[in-house]
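Note that ligands are numbered from 1 as they come in the structure, with each ligand's atoms numbered from 1 the same way. Below, each value reflects all heavy atoms present in this structure, side chains not excepted, and no hydrogens, waters or symmetry copies.
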Amino acid sequence: MSTSPPGADAPHPAFDLGSRLTDTPAPAAVVIFGASGDLTHRKLMPALFNLGLSQMLPPEMTIVGVALTEWTDDEFRDEMRAAIDAHSRSGKADDEVWDGFARRLRYVSGTFDDADTFVRLRALLDELDASMGTRENRLFYLATSPTFFPLIAEQLGKVGLGDESRGNFSRLVVEKPFGRDLESARELNQRLSTAFHESQVYRIDHYLAKETVQNMLVLRFANLIFEPLWNRRYVDHVQITVAESLGVETRGGYYDQSGALRDIVQNHIFQVLSIIAMEPPARFISRDVHDEKVKVLRAIPPITRDEVDLLAVRGQYDAGFIGGEPVPAYRAEEGVAPDSSTDTFVAMKLMIDNWRWAGTPFYLRTGKRLPKRATEVAIQFKPVPHLPFADTDAAAVVPNQLTLRIQPDEGASLRFAAKVPGSRVDIRTVAMDFQYGSSFLKPSAEAYERLLHDALIGDSTLFARWDEVERAWEIVEDVIHAWAEQPIQHGSYEAGGWGPETADELIERDGRKWRHL
Ligand code: BG6
């Protein structure tokens with residue numbers, strides 16, 4: 001006989017994790033700017049195709065590509081089929097399925113500074129409202145170089161495509177990077193707002209769509225045992241690591257203008273940090289979640305000029321070995337300036353000045369060409385206040401640590417002390433481990449499937465709100481300027497190593513160590 005109260009198996013209403021992938025969006029046209037680019041090929045089109053395969057796009061849904069390349073509709077379709085065949089998680093499209101999808105695809109060729117491109121786009125969208133039933137609903141996706149973001153938004157505004165006054169929706173999805181510093185981000189936001197209200201803007205941070213990042217919320221707020229310990233009294237410090245073994249691959253041109261601080265810390269790491277550190281939202285709905293996240297970010301004092309050398313370190317990789325294979329130095333990568341001063345590694349110490357976290361440091365690190373790919377958060381608990389076992393080697397008792405593995409090998413692990421069998425009380429550290437892959441056999445949707453779907457149904461929970469983005473830039477503003485004034489120390493870490501020595505000094509100064517991954 002079950003001892004559970006009636007309804008105990010039903011999810012708590014506050015724990016409906018936002019939009020479920022079962023909700024079918026209203027008919028709409030998805031317009032992708034930058035339709036001939038890498039993101040469209042590798043991520044967006046396969047994601048839309050898979051949403052279609054999973055019956056999550058209504059039959060009226062139409063996809064319009066916009067780019068400079070001169071393609072006909074059929075040429076665009078051929079190109080997209082090849083992209084889906086190469087990159088879709090569902091493998092090659094079969095002919096019948098493809099034909100059903102291909103009829104959704106249309107193409108407009110033109111430059112973004114030409115008003116006529118937008119006049120023609122508007123005419124096509126009007127025609128699709130009539131022929132496909134897209135009901136004036138539009139999702140504009142900016143998958144172009146960031147330099148075009150404000151221009152495209154303004155051009156859309158001029159032809160009336162930002163308008164939502166007829167019960168329709170018009171949404172703007174903006175890829176990262178959202179600005180390069182505080183000032184440029186503010187300017188970009190201001191220009192977007194000439195045509196789109198904040199509620200219409202969906203700023204992508206694909207980390208938020210990772211299952212394991214969302215699982216942090218469930219772990220914290222759907223379990224009783226963690227939250228009472230989740231504060232300054234029990235947590236010694238937190239480490240967040242985003243390590244990549246890859247270099248800049250084919251993106252040297254973009255990356256050299258960006259660097260690790262802008263590419264990973266200001267967005268992905270700060271988003272993860274705010275989820276780890278925030279107060280429980282009353283409900284998992286967009287406004288409540290964003291309100292809590294921004295409160296945490298506001299409690300982080302920005303690093304000041306005087307503190308930069310103490311609280312933030314950077315590095316740039318030299319030639320080295322990854323997995324036994326030689327790899328070139330960053331400055332020798334394609335698209336990278338030979339005298340580049342761009343950071344490929346960043347480590348940072350931040351404090352959160354609020355009642356929950358005062359005095360508990362958060363150490364962050366990220367880098368390219370590190371020994372392995374590993375993204376995780378480690379919550380390091382304090383030592384026990386007193387050890388009652390007289391003959392036990394106290395040094396053998398390692399404080400508890402909870403590790404949340406975002407990727408690869410997604411899961412969580414809790415380290416605790418256990419007695420070694422025998423007559424003495426010898427203590428050894430053991431681990432309790434949860435692995436996503438073996439506990440849940442169902443593959444998860446790609447981050448871009450989730451994000452496109454959420455934008456289509458109007459759920460902005462997993463997108464970055466403007467006040468979060470602005471605050472994230474404020475925190476690192478002085479670091480950006482201080483680093484811009486001084487050239488980086490070239491080759492400060494070897495490819496295949498764990499970053500420059502200064503990163504170790506940053507944490508060892510506090511009597512702590514980076515986790516060995
Ligand atoms: C992107 C960065 O936002 O995130 C890349 O621009 C980085 O440089 C990538 O490699 C990492 O994403 P993921 O999902 O592989 O951790």
Enquirer: For this output row, return yes or no: ring centroids of Y363 and H237 closer than 6.0 angstrom.
Expert: yes
Enquirer: If you measure from each heavy atom of D263 to ligand 1, is any distance below 4.0 Å?
Expert: yes
Enquirer: Is NZ or CZ of R262 both nearer than 6.0 Å to the six-membered ring centre of W473 and within 45° of the ring axis?
Expert: no
Enquirer: When you compare ligand 1 with K368, is there at least one nitrogen or oxygen pair between them that comes in under 3.5 angstrom?
Expert: yes
Enquirer: How far is atom 12 (O) of ligand 1 from its nearest protein heavy atom, and which residue and atom is that?
Expert: H206 NE2, 3.2 Å
Enquirer: For the 3.5 Å polar cut-off, considering only N or O atoms, please tell me whether H268 and ligand 1 meet it.
Expert: yes
Enquirer: Distance under 4.0 Å to a non-hydrogen atom of K176: what atoms of ligand 1 satisfy this?
Expert: 1 (C), 2 (C), 3 (O), 6 (O)
Enquirer: What about Y317 and F345, are their ring centers closer than 6.0 Å?
Expert: no
Enquirer: Heavy-atom distance to atom 14 (O) of ligand 1: which of R251, R262, K210 wins?
Expert: K210
Enquirer: For a side-chain contact (heavy atoms from CB on, under 4.5 Å) check, start with the C-alpha distance between F140 and F196, then their side-chain angles and the critical distance, and finish with the verdict.
Expert: CA-CA 11 Å; F140 299 106; F196 294 88; 4.2 Å; yes
Enquirer: I need the nearest protein heavy-atom contact for atom 15 (O) of ligand 1: residue, atom name and distance, please.
Expert: R373 NH2, 3.3 Å
Enquirer: Enumerate the atoms of ligand 1 whose separation from the nearest heavy atom of E244 is less than 4.0 angstrom.
Expert: 7 (C), 10 (O), 11 (C)
Enquirer: For this output row, return yes or no: ring centroids of F178 and W466 closer than 6.0 angstrom.
Expert: yes
Enquirer: Both conditions, 6.0 Å and 45 degrees, for the charged tip of K210 above the ring of Y207: are they met here?
Expert: yes
